[in-house]
Amino acid sequence: MNPFKLIIFLCLFAYHFSLGADEDLILENKINSYLSKMSLEEKVGQILMVEIGYISPEEVQKYNIGAILNGGGSFPYKKNDHTLEDWIDLADEFYEASSKTSDGRKSIPVFWGTDAVHGHNNLKGATLFPHNIGLGASRNPQLVEKISSAVASEVVASGLDLTFAPAVSVPRDDRWGRTYEGFSESPELVALLGKHSVIGFQGKLGTEFLGSNKILATAKHFIGDGGTLDGVDKGNTILSEEDLLEIHGKGYISTIEAGVQFIMASFNSWNGDKLHGQKYLLTNLLKEQLEFDGVVLGDWNGHQEVSGCTVDSCAKAINAGLDMFMITANWRNLYNNTLQQVIEGQISQSRLDDAVKRILRVKLRYRLIQKGKPSSRIALNEMDHSDYKENRELARIAVQESLVLLKNNNSTLPLDSSSKILIVGEGSKRISKATGGWSYSWQGSNVDNSYFPGATSIYDGIAEVIEEGNGKIEYSEDGNYKTKPDVAILIIGENPYAEYQGTVENLLLTNVEFNHLDVASKLRRENVE
Ligand code: GLC
């Protein structure tokens with residue numbers, strides 16, 4: 001590079017760097033300005049994220065609550081048959097109620113968090129994508145980034161702000177009921193896909209970061225959720241600090257580098273110590289060594305599992321470095337007890353201020369005030385909510401790339417569409433068996449195909465191709481057939497589950513509709529491929 005150009009480059013770099021430093025300074029001054037106008041009561045209200053089934057917009061205003069969430073299977077106005085408009089209407093109600101304090105002063109509104117973990121999966125009609133385990137099999141970071149970006153647009157379209165994703169869990173024992181929420185058992189692959197997922201949700205640092213079609217992301221569950229003894233959910237991860245970081249920490253390093261704004265504390269313990277009360281990991285490691293400057297969020301009443309704590313009282317979690325409780329029914333008691341703990345000095349004013357400053361920092365970065373109430377946001381109104389055709393096409397590509405071919409004996413595949421095909425197993429017709437947990441309901445169960453408008457079952461997808469090719473298709477629940485087929489497709493899978501309800505003693509597939517081995521052997525004896 002010639003000297004003149006080098007000088008220009010260095011000047012521009014210095015200017016850009018100073019601009020960044022100036023922006024940070026402006027942001028911090030704004031945060032301090034808001035903080036200085038907040039009463040103690042308003043600060044304590046700000047560190048609560050309350051589930052929408054337990055609080056009204058009026059109470060959010062009265063207590064200056066910082067955030068709201070809907071848990072898996074929790075819908076606006078408790079309506080099972082909710083519409084997109086219900087989500088937007090309720091988001092408006094909470095936004096407007098929280099935009100001013102109870103005595104009428106301007107306030108920073110709440111944000112609304114949801115588990116959009118494989119699509120905006122609580123919203124009927126949203127596009128669903130493979131769970132992380134399937135995306136891990138794709139090994140395609142660009143695909144993962146596109147999917148998170150598509151999910152962000154559908155979350156924005158519903159009036160919400162934050163997703164509790166990506167999980168950067170590294171499942172090490174497949175008996176863990178949340179194995180499917182992890183991208184892989186490879187720390188490196190988890191770090192790569194987690195980083196691109198955050199970029200998809202939030203946008204790249206710099207220009208598009210937290211722009212109009214982007215949402216806040218959460219890396220979870222910090223730290224070691226996938227490494228518990230025997231795969232017990234919320235169990236004990238027994239590792240040296242070095243191994244804990246080496247195996248379970250890379251996804252946090254990569255997502256912090258990508259600008260993730262939330263990190264959710266985990267239910268598990270590290271060497272017998274519950275993470276929600278683990279000061280060394282939450283503060284010294286995460287905030288000081290890894291320099292995370294966003295919000296450390298509790299998991300679902302997770303603070304209550306810390307020794308000496310209850311669901312409505314846990315100074316220890318805040319002192320350990322939790323910045324925001326995730327709380328359900330007991331939020332009033334938790335508010336009152338936490339306020340008392342600050343007054344009595346069990347929680348220092350500086351720790352409370354640090355937590356509130358982190359929450360304000362994220363709200364200001366996300367430009368929560370400038371965005372205006374959800375229904376007025378441009379991105380929401382620009383989007384065609386009627387048919388997420390592009391997103392569904394992306395989902396199809398994701399399914400293709402998530403498929404793993406173990407063997408292709410006798411070159412059975414690709415199938416000839418003029419063949420006689422037998423499809424065995426009710427899982428071929430029940431869409432919820434393919435979507436799994438976190439699909440409309442928390443467990444993904446008790447939802448029939450009508451909950452997935454626009455989705456195609458495995459049977460229907462194959463039938464469409466075979467009929468186009470003038471082939472024949474027959475469905476069987478147990479492997480018996482009327483017309484001897486050329487090829488049989490056995491659909492085998494677990495019933496949907498989420499979290500601890502999926503943890504198993506061993507990897508034997510139980511609770512199945514037909515005996516896979518018997519049916520496969522019978523068909524093989526009858527020379528069916
Ligand atoms: C759950 C899960 C967590 C989820 C949260 C909110 O218990 O552990 O992954 O984001 O609660 O639904």
Side-chain angles (χ1 to χ4, degrees), residues 48-55 66-76 111-123 131-133 148 151 155 160-171 176-183 190 194 197-198 201 215-228 231-235 237 248 251-252 255 260-269 274-276 295-306 311 317 322 324-331 436-444 496-503:
L48 266 58
M49 174 185 276
V50 186
E51 213 282 340
I52 56 170
Y54 301 94
I55 193 166
I68 55 174
L69 82 142
N70 67 283
S74 168
F75 306 125
F111 36 62
W112 180 343
T114 191
D115 290 280
V117 293
H118 69 122
H120 190 1
N121 37 262
N122 284 289
L123 172 61
H131 277 285
N132 285 353
I133 194 169
S148 292
V151 174
V155 171
L160 275 61
D161 308 288
L162 160 68
T163 180
F164 306 127
V168 288
S169 319
V170 183
W176 185 39
R178 306 192 73 167
T179 294
Y180 69 81
E181 294 187 61
F183 287 114
V190 168
S197 177
V198 166
F201 283 129
I215 56 173
L216 297 158
T218 308
K220 69 182 187 181
H221 312 79
F222 185 85
I223 182 173
D225 55 346
T228 60
V232 171
D233 190 42
K234 307 184 183 182
T237 296
H248 301 281
Y252 296 99
T255 51
V260 74
Q261 293 297 293
F262 282 82
I263 287 181
M264 188 185 289
S266 186
F267 277 116
N268 67 274
S269 302
K274 279 288 177 184
L275 253 294
H276 276 65
V295 175
V296 175
L297 173 65
D299 198 341
W300 191 270
N301 297 325
H303 53 278
Q304 68 182 333
E305 299 192 9
V306 175
V311 69
L322 204 75
M324 183 173 249
F325 287 114
M326 184 185 285
I327 180 77
T328 55
N330 298 64
W331 65 268
W438 300 101
S439 301
Y440 199 74
S441 70
W442 174 44
Q443 292 296 313
Y497 55 76
E499 299 194 55
Y500 47 85
Q501 296 193 27
T503 299

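First listed ligand is number 1; within each ligand, the first listed atom is number 1.
The pair K220-D115 meets the salt-bridge criterion, with a side-chain N (NZ, NE, NH1 or NH2) lying under 4.0 Å from an Asp/Glu carboxylate O.
Against a heavy-atom cut-off of under 4.0 Å, F164 is close to the following atoms of ligand 1: 10 (O). Near F267, the atoms of ligand 1 lying under 4.0 angstrom from a non-hydrogen atom of the residue are 7 (O), 8 (O). Every atom of ligand 1 with a heavy atom of H221 under 4.0 Å away is listed here by number and element: 3 (C), 8 (O), 9 (O).
Proximity of R178 to ligand 1, defined as any heavy-atom pair under 4.0 Å, is confined to the side chain (atoms from C-beta onward).
Side-chain contact annotation: E51 with W300, donor-acceptor N/O pair under 3.5 Å absent. With 3.5 Å as the limit, one finds a donor-acceptor pair spanning the side chains of S169 and D225. For the 3.5 Å distance criterion, the side chains of H118 and S439 qualify, holding a donor opposite an acceptor.
Here the side chains of P166 and V198 are in contact, with some heavy-atom distance below 4.5 Å. Taking 4.5 Å as the limit, some side-chain heavy atom of M49 sits within range of a side-chain heavy atom of L162.
Taking any N or O of E499, backbone or side chain, at least one lies under 3.5 Å from an N or O belonging to ligand 1. Considering backbone and side-chain N/O of K220, one or more are found under 3.5 Å from N/O of ligand 1. For ligand 1, the polar-atom distance check against D299 finds a nitrogen or oxygen pair separated by under 3.5 Å.
The closest donor-acceptor contact from the side chain of H276 to the backbone of N301 lies at 3.5 Å or more, if one exists at all.
Residue contacts with ligand 1 do not include E181, since none of its heavy atoms lies under 4.0 Å from the ligand. Assignment of W442 to the shell around ligand 1 is not supported, since no heavy atom sits closer than 4.0 Å.
Scanning all protein heavy atoms for the shortest distance to atom 12 (O) of ligand 1 gives D115 OD2, 2.6 Å.
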